Amino acid sequence: MIPNSTDAGLDVVTFGEAMMMLVADRPGPLEQAQAFHKRTAGAETNVAIGLARLGLRVGWASRLGADSMGRYLLSEMQREGIDCSHVDCVPGQRTGMLFKGQVSDGSDPPIEYHRQGSAASRMGAQDIDGPWLCRARHLHATGVFAAVSPDTLALSRQTLALMRGAGRTISFDTNLRPSLWGSTEVMRREINQLASQADWVLPGIEEGLILCGERTPEGVAAFYLAQGARLVVVKLGPEGAYCEGTHAGQAVKAYVPGFPVEQVVDTVGAGDAFAAGVVSALLEGRAVLDAVRRGAWMGARAVQVLGDTEGLPSRAQLQEAGL
Ligand code: AMP
């Protein structure tokens with residue numbers, strides 16, 4: 001697999017909003033923070049970076065403002081070897097950004113988004129280059145970009161429909177952002193509708209209660225399998241994950257334990273790292289349990305660093321870990 005592809009034959013394509021992230025340099029309320037570390041953020045781009053570091057050919061389609069934040073994000077993605085031929089920098093539109101605090105007790109850090117009306121939020125189904133998309137082997141989609149605006153929801157629906165129609169595989173991380181949706185009911189309906197179009201569905205256990213009314217990993221998996229998913233992997237935080245379904249003719253139903261970590265620095269990005277691990281391994285033809293183990297290891301690395309992407313391993317680091 002050759003990184004930096006700009007034409008046909010990508011392994012994975014993803015659509016999503018990238019944001020510039022400023023992470024406070026020490027714990028405490030955000031309003032008291034004086035200095036920040038600059039990083040990239042965005043669920044889909046985190047996964048894209050994770051896949052690209054492992055040598056997969058990845059395409060990311062998006063829109064940025066023609067501002068310094070947009071140029072920063074674009075150069076970071078290009079540096080990772082991601083095909084950005086479908087990223088537009090639009091004059092007069094803004095790039096989204098966020099502030100993230102630090103915590104010292106392993107809890108979820110405070111996050112303040114400034115993304116409303118951003119360039120990416122104005123993308124719609126008309127921005128999809130269907131032939132480019134459908135030449136890829138796989139689409140990775142998340143509930144985040146679907147939540148950003150009615151137009152990105154339409155775009156999300158259309159990308160899944162096109163890839164499904166082309167017979168490609170699709171992974172979908174439910175990735176709930178309740179504050180971006182009009183109501184819980186709408187969020188539940190739209191996310192479950194998108195999930196019903198995917199082959200591999202990756203919900204978190206707490207999301208399962210909101211989306212499926214199920215408290216157990218088995219209940220959440222049964223819900224999405226009944227909707228048409230072929231494989232469901234339910235994320236369980238430090239406990240690891242539960243997977244159930246069929247892949248490459250093999251039925252699977254198993255718990256995969258988490259990798260213990262000494263200190264949790266920042267929980268954000270664990271699910272994206274996990275998705276990159278699972279998706280990369282499945283696309284390489286690995287067995288489901290190996291794929292979930294890789295995801296769990298990558299998720300465990302992600303919680304030990306401040307940003308969302310510095311824990312994402314290279315192929316050499318993965319091989320060193322025997323994964
Ligand atoms: P989450 O979205 O929090 O469930 O995290 C995604 C994945 O990352 C989990 O399924 C675990 O495999 C891994 N993970 C998350 N938190 C931890 C943790 N505290 N320790 C070890 N692994 C973790």
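Numbering of ligands and ligand atoms starts at 1, following listing order. Note that this is a predicted model, so its numbers are computed, not measured. Note that the numbering runs from 1 along the sequence shown for the chain.
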More than 12 heavy atoms of other groups within 6.0 Å of E310 CD: yes

Over-ring placement of R177 relative to W181, 6.0 Å and 45° cut-offs: no

E218 and Y255 side chains, donor-acceptor separation under 3.5 Å: yes

Please tabulate, one line per pair, the protein N or O atoms found under 3.5 Å from any N or O atom of ligand 1, giving the distance to one decimal.
| residue | atom | partner | partner atom | Å |
| --- | --- | --- | --- | --- |
| ligand 1 | 4 (O) | G237 | N | 2.8 |
| ligand 1 | 10 (O) | G240 | O | 2.8 |

Check ion pair D308-R39 (N to O, under 4.0 angstrom): no

Presence of salt bridge, D266 and K100, under 4.0 angstrom: yes

Side chains of E239 and P257 in contact at under 4.5 Å (non-hydrogen atoms): no

